[in-house]
Amino acid sequence: MSGIRGIFVTGTDTGTGKTVVTAALAAALRSEGWNVGVWKPVQSGEPIGSGLSDAEKLAAGSGISDPPEEVASFTFRAPLAPSLAAKAEGVRLTMDMLYEAGQPLCSRYDAMLVEGAGGAAVPLTEDALLAEWIAFLRMPVLIVARAGLGTVNHTLLTVSFLRQRGIDILGVVLNEGTCAPGVAGVAGPPGVPGVQDAADVQNASDEPDPSVAGNAALIETFGGVKVLGRFPPIGDGPGPRLLAETVHTALDLAPVRSFLSKCLEPSPELSGKAPEVRI
């Protein structure tokens, strides 16, 4: 039977900051004594060794000792949706294949933070979207969204899409790093043209985004989900200590801790207690 203990981190889109938020959450939880690891089942667009792949950023930011080649089970060259990037290299991804590839890594930890690719409706395999992979893993979701203008619509659509598939949502993190004044979303390496998201470039401005202050309340009101906080802009290559401190300052981790406490409880067979029914 499939299933991974832990939390799945998805985004409302590509470039919302899932990787830095996932690494920061892992660093914060590990600093509290939780034995959590990070897993990126599939990544594309940057090779391991470049210093730019999500797996390398996850490993460095979270403070784990696992090599990037194990943090990311599959790495493909083309900056495409996983199903297309895999096909371009003659690989036919399946959910069973991804699950089996992650077992050695996941077995080392009590719980995992699993980072997705893009948003919940990204084609993961030839016949499954990312949301179906989350359901396959039987994990609740933390959504990382942009903090600025347009995020209410994107976040509510993501919440609805996940709920239609019976996926529990722990909360939302609004990433201010994608809407800081003068910052056009997630920038690529210096000197490389065409790496910024076109919509972010269009919305870039030297003026603060006035929508940021009210977006969390709107998402909570209309989405029925808790916003854990706003993750602030952070410099390049932040280490585990800075990321952990940022999470402890900016985010409410109570729902995360509560879920982890429940999912790490001894099984009924070991405790002698009657099975708990969770809805």
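Side chains included, hydrogens not; waters and symmetry mates left out as well; all remaining heavy atoms used.
Counting only heavy atoms from C-beta outward, the side chains of Thr10 and Val141 approach each other to under 4.5 Å. When side chains are defined from C-beta on, Glu115 does not count as touching Val38, because their heavy atoms never get closer than 4.5 Å. Using a 4.5 Å cut-off on side-chain heavy atoms (C-beta onward), His248 and Glu32 make contact. Contact annotation: the side chain of Leu142 approaches that of Leu25 to within less than 4.5 Å [non-hydrogen atoms, C-beta and beyond]. Using a 4.5 Å heavy-atom cutoff, the side chains of Val247 and Phe231 are in contact. Side-chain contact between Trp133 and Pro41: present, with at least one pair of heavy atoms (C-beta onward) separated by less than 4.5 Å. For the pair Tyr99/Cys106, no side-chain contact is recorded, criterion being any heavy-atom separation below 4.5 Å from C-beta on. A heavy-atom distance below 4.5 Å is not found between the side chains of Val152 and Phe222.
Pairs passing the side-chain hydrogen bond (donor to acceptor under 3.5 Å, both in side chains) check and including a residue from residues 217-229, sequence neighbours excluded, read Lys226-Asp252. Legend: salt bridge (charged side-chain N to carboxylate O under 4.0 Å, His left out) pairs involving residues 83-104, not counting sequence neighbours, sorted by first then second residue: Arg77-Glu89, Arg92-Glu126.
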Applying side chain to side chain contact (heavy atoms under 4.5 Å, CB included) to Phe76 and Leu93, what does each step give before you reach the verdict? CA-CA 11 Å; Phe76 300 109; Leu93 285 178; 4.1 Å; yes
Side chain to side chain contact (heavy atoms under 4.5 Å, CB included) between Ile167 and Glu132, intermediate numbers included: CA-CA 9 Å; Ile167 297 168; Glu132 292 164 304; over 6 Å; no
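Thr75 pairs with exactly one of Gln43, Glu69, Glu46 by the side chain to side chain donor-acceptor pair (under 3.5 Å) rule, that one being Gln43. Of the residues Leu174, Val227, Leu170, Val172, the one that meets the side chain to side chain contact (heavy atoms under 4.5 Å, CB included) test with Ile143 is Val172.
Rounded to the nearest 0.5 angstrom, Arg138 CZ and Asp168 CG are separated by 12.5 Å. To the nearest 0.5 Å, atom CE of residue Met112 and atom CG of residue Leu137 are 11.0 Å apart. With rounding to the nearest 0.5 angstrom, the CD1 atom of Ile7 is 6.0 Å from the CZ atom of Phe259. For the atom pair CG of Asp13 and OG1 of Thr158, the computed distance is 8.5 Å after rounding to the nearest 0.5 Å. Rounded to the nearest 0.5 Å, atoms CG (Asp110) and CG (Leu29) are 12.0 Å apart. Here CG of Asn153 is found 10.5 Å from CD1 of Ile219. Values are rounded to the nearest 0.5 Å.
Although no hydrogens or angles enter the test, the distance criterion places a donor-acceptor pair under 3.5 Å between the side chain of Lys40 and the main chain of Gly116. One N or O on the side chain of Ser107 and one on the backbone of Pro104 form a donor-acceptor pair closer than 3.5 Å. A donor-acceptor pair is defined here as one N or O able to donate and one able to accept, closer than 3.5 Å; such a pair exists between the side chain of Ser261 and the backbone of Arg257. In terms of modelled atom types and a separation under 3.5 Å, the side chain of Ser62 and the main chain of Leu58 share a donor-acceptor contact. With hydrogens and angles disregarded, a donor-acceptor distance shorter than 3.5 Å links the side chain of Arg30 to the backbone of Val36.
Within a 6.0 Å radius of CZ in Arg241, no more than 12 heavy atoms belonging to other residues, nucleotides or ligands are found.
The two residues Asn215 and Gly148 come nearest to each other via the heavy atoms ND2-O, 3.2 Å. Taking every heavy atom of both residues into account, Leu162 and Ala120 meet most closely at CD2-CB, 3.8 Å. In terms of heavy-atom proximity, Gly15 sits nearest to Arg146 at O-NH2, 3.7 Å. Contact between Trp39 and Gly102 at its shortest, heavy atoms only, is CZ2-CA, 3.4 Å. Here the closest heavy-atom approach between residue Ala78 and residue Ser44 is recorded as O-CB, 3.2 Å. Considering every non-hydrogen atom in both Pro47 and Glu56, the closest pair reads O-OE1, 3.7 Å.
There is no path of hydrophobic side-chain contacts, each under 4.5 Å, that joins Phe8 to Leu129. Follow the hydrophobic side-chain contacts under 4.5 Å out from Leu253 and you reach Val173 in the same cluster. In the hydrophobic clustering of ILVMFWY residues, with side-chain heavy atoms under 4.5 Å counting as a link, Val9 and Ile234 come out together. Met95 and Val42 fall within a single hydrophobic cluster, where Ile, Leu, Val, Met, Phe, Trp and Tyr are joined by side-chain heavy atoms under 4.5 Å apart, directly or via other members. Ile64 and Ile48 are not part of a single hydrophobic cluster, where members link through side-chain heavy atoms under 4.5 Å apart.
Note on Glu70 versus Arg108: salt bridge recorded, some NZ/NE/NH1/NH2 to OD/OE distance being below 4.0 Å.
Side chains of Thr19 and Asp54: a donor on one and an acceptor on the other come within 3.5 Å.
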